[in-house]
Each structure stands twice: as structure tokens, then as C-alpha cells.
Amino acid sequence: MVRTVIRRRKRSLREQDVTVTDPPKVRRAVTAAALGNTMEWFDFGVYAYLAGTLGKVFFPSSSPGAQVVSTFATFAAAFLVRPLGGLVFGPLGDRVGRQKVLALTMIMMAASTFAVGFLPTYAAIGFAAPLLLLVCRLVQGFSTGGEYAGATTYIAEYAPDKRRGFLGSWLDFGTFVGYSLGSGLVTVLTAVLGTDGMTDWGWRIPFFVAGPMGLIGLYMRLKLEETPAFQREEEAQARARTENDPVEEARQSGKGRLKEIFTRHWQAVLICMGLVLLYNVTNYMITSYLPTYMSQTLGEPETTSQLLVLGTMLLVVLTITTVGRTSDRWGRRPVFMAGSVALIVLAAPAFLLIRQGGILLPALGCAVLGLLLVCFAGTAASTLPALFPTRLRYGALSIAFNISVSLFGGTTPLFASALVEATGNDMVPAYYLMVAGVIGLVATFFLHETAGRPLRGSGPMVETPEQARQLVARSRTTAGRQARDVWLRVRHLWRPPDR
């Protein structure tokens with residue numbers, strides 16, 4: 001009798017507990033989610049590469065240095081509303097579904113980016129021009145508050161456990177493809193039209209491209225289904241609602257979810273913020289600030305600096321899925337930890353190489369930074385969603401991610417440019433990266449390994465029915481052994497001593 005009770009408590013997996021993924025659905029989910037990131041980062045690439053031009057168009061009365069700071073201040077302002085977007089879209093995604101919210105954020109991102117191309121200049125309407133630019137950036141930032149967390153959640157909840165790192169890395173693959181497309185388009189236009197042509201009218205062209213890209217992304221996202229994990233959670237919540245439990249109803253409310261995030265999962269929130277800081281400070285330092293740093297601070301030709309950073313992004317694109325697959329094999333913690341230590345050690349040498357001028361040494365310095373970045377980019381999308389349970393995943397990740405990005409990531413170009421302007425020390429960006437590496441290393445120390453394991457609050461996910469049967473069989477064997485071992489211990493305690 002006791003053995004039967006023990007065996008029930010150590011219940012093994014059943015076949016209905018294991019989800020067998022549908023490869024075509026997984027491919028559609030990954031593609032649609034990655035396309036949204038491509039759209040978002042196309043805008044970032046365009047904005048970063050046009051920082052000097054936009055400064056002349058919207059802030060012509062300032063000095064060149066002040067124009068850059070003003071442009072990056074507008075860039076950073078979009079990040080101030082990202083936590084608000086996360087507070088709205090994240091819990092909404094946990095309540096009504098990931099797919100619906102991702103379609104909405106795609107519409108808002110595409111429309112706000114497209115609208116920038118139609119804005120009148122400062123010469124036409126004066127101070128109202130930068131205000132309109134700010135409004136467009138705020139709408140874009142608000143929608144982005146629900147984009148990355150939703151996309152990572154969606155892919156993580158569709159991916160098989162043993163391939164979550166590889167499939168998740170395609171999300172950030174889309175990130176850097178979008179950035180490369182945006183920055184590459186600006187580079188080509190600058191070479192063809194020249195600085196004067198870009199200032200007069202050429203700067204509008206990249207923003208016009210955002211409209212068709214957004215329509216394609218929206219179409220793909222409307223065709224998606226909800227994730228298996230969310231469907232199971234929704235069924236469980238529906239059963240709970242039928243019981244009319246007031247405690248459970250309060251727990252499922254928006255206020256109850258927010259309270260649970262910050263009272264029961266505060267450690268995961270802090271770890272998430274530390275990892276996001278590490279990734280995004282490195283990311284925005286390279287993608288958003290480095291082109292301006294090389295051209296405005298170091299005096300390199302704009303085309304040269306743009307091509308160097310574009311080459312760095314292409315290096316990240318070529319290696320990011322390899323890093324994602326490696327994290328499935330070696331684990332998320334080792335990759336993050338190695339990247340953090342390398343960032344602390346190599347950030348200063350990389351910037352010393354970039355300062356040397358010419359092509360070869362700056363290209364080597366940029367390549368070092370790109371390889372550091374890919375350690376975090378290839379692993380983040382599979383690591384962050386695994387920190388939180390299914391019923392809170394979208395909301396908790398949105399809040400933690402966007403608070404960290406707003407405070408530390410999106411402000412990186414602004415702080416770096418302002419510190420260089422104030423101190424006259426062009427090594428400040430390297431020191432900034434080293435501090436981010438230290439914080440990331442501390443966060444990684446407290447990170448639990450999740451590679452190859454089910455997401456919190458979800459059952460195992462495999463690729464084939466055969467894998468599901470093997471997993472169930474192993475689980476039954478393990479459960480039987482555990483029950484036997486406990487039974488032997490209990491029996492030994494009851495057994496009278498030998499006389």
C-alpha cells in the first residue's frame with residue numbers, strides 16, 4: 001500500500017503530457033516572429049546610420065556634436081515608453097494570446113516607421129518637426145515594448161526542448177538581417193546621392209520601405225496559431241473559472257499577475273534584467289553608436305565607418321545560429337559566462353584597434369566586438385523565456401526586458417556620446433562595455449541551466465512520436481527506480497534490528 005502511494009507521488013510522464021511539434025508550424029512560427037524583429041531593427045539600422053543626417057534635418061540650429069546628441073536623445077526617448085508598452089502588451093498576451101498581440105505590435109511598428117518618411121523638416125515647419133519625429137519614435141517604442149518578449153515567448157513555446165537554442169537564435173538572426181538591410185540601404189544611398197542629396201530628400205527613402213515590409217509581416221502573423229503551451233494554459237484557466245474560485249480569479253487578474261511577478265519571481269526578473277543589460281548595451285553600442293563614433297569622434301569617412309559596422313553585422317548573421325546550436329549542446333550558462341568574461345577583457349583592446357584608423361585594424365576591432373555580441377545574441381531568445389512560467393511568461397519577460405532596455409540599452413548611444421563630449425576621452429565606450437560585462441557575469445552566476453529542459457509550467461516538447469515514446473519510457477523507468485529506492489529506505493526503517 002505504501003509503495004503504491006509512493007509510486008503515485010512519483011508519477012511518470014504520460015504520452016498526453018508530451019507535445020510533439022509540427023515542423024511546418026514551427027517553421028512558420030519562427031519565420032513570422034523573426035520577420036517582426038527584422039522590421040523593428042531595419043528601423044534601428046536606418047536611424048543609427050542616418051543620425052548625422054537627421055540631426056541636420058530636424059536640429060539644424062545646433063552644433064554638429066549637439067545635433068548627434070539631440071538625435072540620440074530622440075532615439076532614447078522611444079525607450080522610455082517601452083516599459084509602458086511592456087506593461088500593456090505583456091499581460092495582455094498572457095490573457096488573450098500571443099498571436100493577437102504580435103499582430104497588433106506589427107501594425108503599430110510598421111505604421112510609425114513608415115510615417116517618419118512623410119515628416120516635414122525643420123526648415124518647413126520649425127520646432128514642430130522634431131516634435132513629430134518624437135511622436136513617431138514614441139509610438140514605435142510603445143509597440144516594441146511587446147514585440148521582442150512576445151516573439152521570444154512564441155518561438156520558445158513552439159520549439160522542441162533540445163532545439164530551442166538553435167530555433168530561438170533565428171529571432172535575433174532576423175534582428176541583424178533587418179539592421180544590415182537598413183544600414184546597407186543607407187550606405188548605398190549615401191554613396192549614390194552624396195551627403196547633400198541625403199540631407200535634401202534621400203533620408204526619406206529607407207523609411208518608405210518599412211510599409212511593404214510591415215504588410216508582409218502582418219500577413220504572416222495573422223496566419224499563425226496559438227502556441228501549444230498557451231493553449232494548455234488557457235484550458236487549465238477555463239477549468240479554474242468554472243469552479244468560481246474567488247482566490248483563483250484574483251490570481252488570474254491583471255493586478256494579481258503583476259503582484260505575483262514581483263513577489264514570487266523577483267529573482268528571475270533581476271537575472272533577466274542583468275542578462276538583457278549585457279546583451280543590449282553591447283548591441284546598441286555597436287549597432288547604434290559605433291558608426292557615429294567612428295565618423296564624428298574619430299573623423300573617419302562616413303562610408304568607411306558604415307561599411308565596417310555593416311561588415312560586423314554580417315559576421316554576426318553568419319555565426320549566430322551556430323552559437324544557438326552550441327548553446328543546445330553546451331548549455332546557456334557557459335556561453336553567457338564566456339561572453340561576459342571576454343567582454344571585460346577584450347572591450348578596451350577592440351576600441352584601441354578601432355582608434356588606429358585605416359581599414360584593417362578597425363575592421364579587426366569591429367570583428368572582435370561582433371564575436372562578443374553574438375555570444376549573447378545567439379543565446380538570449382532561448383534563455384530569457386525559460387526564466388518564467390507559462391501563465392506569466394509574456395508579461396514578466398516584457399516588463400523585465402523593457403525596463404532593462406530602457407534604462408541601459410537604448411540610452412547607451414546617448415550616454416556614450418555625452419560622456420565622450422564631456423570628458424574628451426574616446427575610450428569611454430570601452431569602459432562602458434566592461435561595466436556591462438561585470439553585471440552580466442554576476443547575473444549569469446545566478447542563472448539556472450535550462451538547455452534541453454521543458455519550459456517552466458509546460459510539459460516536454462519533442463520533434464517526433466518516437467522521441468515522445470522514448471521519453472515516456474525513460475520517465476516510467478526513472479519513476480519506478482525512485483519509488484523502489486524510497487520503498488527500500490522506508491522498509492529498512494520499519495525492519496526490526498537483528499538480534
Side-chain angles (χ1 to χ4, degrees), residues 25-44 82 85-86 88-94 96-110 113 140-159 163-179 210 213-214 216-230 272 275-276 279-280 283 317 320-321 324 376-388 390 392-402 404-405 409 455:
K25 288 184 179 180
V26 173
R27 285 194 294 270
R28 285 198 299 271
V30 172
T31 302
L35 191 58
N37 256 30
T38 301
M39 168 73 229
E40 175 188 348
W41 278 86
F42 176 86
D43 172 64
F44 284 144
R82 283 184 67 155
V88 172
F89 292 121
L92 188 64
D94 283 328
V96 305
R98 286 76 161 109
Q99 182 266 343
K100 296 181 180 68
V101 175
L102 285 174
L104 178 59
T105 58
M106 174 63 78
I107 294 172
M108 295 180 66
M109 280 195 307
T113 305
Q140 205 270 350
F142 183 78
S143 61
T144 305
E147 173 60 32
Y148 186 83
T152 56
T153 296
Y154 197 87
I155 291 180
E157 292 181 350
Y158 250 117
R163 300 186 70 210
R164 188 173 298 117
F166 172 69
L167 293 174
S169 66
W170 285 97
L171 179 65
D172 290 277
F173 175 89
T175 293
F176 294 103
V177 166
Y179 183 92
M213 288 180 62
I216 295 171
L218 177 62
Y219 173 79
M220 294 187 66
R221 288 191 172 182
L222 290 175
K223 294 291 185 180
L224 294 176
E225 299 178 7
E226 278 300 343
T227 66
F230 179 79
C272 181
L275 297 178
V276 171
Y279 174 22
N280 281 276
N283 189 10
V317 167
I320 191 168
T321 55
F376 317 131
T379 318
S382 55
T383 304
L384 302 180
L387 291 168
F388 305 103
T390 301
L392 300 170
R393 183 170 296 125
Y394 197 160
L397 183 52
S398 291
I399 293 168
F401 182 90
N402 287 297
S404 186
V405 170
L455 294 171

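As the structure is a prediction and not an experimental result, all values here were calculated from the model. Just so you know, these numbers use all the heavy atoms, side chains as well, and skip hydrogens, waters and symmetry mates.
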Shortest non-hydrogen contact between [X] and [Y], atoms and distance:
X	Y	result
L224	Q99	O-CG, 3.6 Å
G378	S169	O-CB, 3.7 Å
L171	A381	CD2-CB, 4.1 Å
C272	L387	CB-CD1, 3.6 Å
T390	D94	O-OD1, 3.8 Å
A380	P385	O-CD, 4.1 Å

> Quick one: does T379's side chain have a donor or acceptor within less than 3.5 Å of a partner on F376's backbone?
Replying inline: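 No: the side chain of T379 does not pair with the backbone of F376.
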> Just by modelled atom types, is the V405 backbone N or O under 3.5 Å from a matching donor or acceptor in the N280 side chain?
Replying inline: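 Here the side-chain-to-backbone pair does not exist.
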> Looking at E157, E226, E147, which one forms a salt bridge (charged side-chain N to carboxylate O under 4.0 Å, His left out) with R98?
Replying inline: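 For R98, the salt bridge (charged side-chain N to carboxylate O under 4.0 Å, His left out) test succeeds with only one of E157, E226, E147, which is E157.
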Considering only heavy atoms from C-beta outward, does the side chain of [X] approach that of [Y] to under 4.5 Å?
X	Y	value
F388	T153	no
Y158	E225	yes
F176	N283	yes
T113	M39	yes
L222	M106	no

How many angstroms lie between [atom1] in [X] and [atom2] in [Y], if you round to the nearest 0.5 Å?
X	Y	atom1	atom2	value
R393	S398	CZ	OG	12.0 Å
L102	L218	CG	CG	11.0 Å
F401	T152	CZ	OG1	7.5 Å
R221	L104	CZ	CG	10.5 Å
Y148	L384	OH	CG	6.0 Å
R163	S382	CZ	OG	13.0 Å

> So which pairs with a foot in residues 29-38 pass side chain to side chain donor-acceptor pair (under 3.5 Å), sequence neighbours left out?
Replying inline: N37-T175
>> Please tell me whether Y279 and D172 have a donor and an acceptor in their side chains that are separated by less than 3.5 angstrom.
In response: yes
> Y394 and Y154: aromatic ring centres closer than 6.0 Å?
Replying inline: no
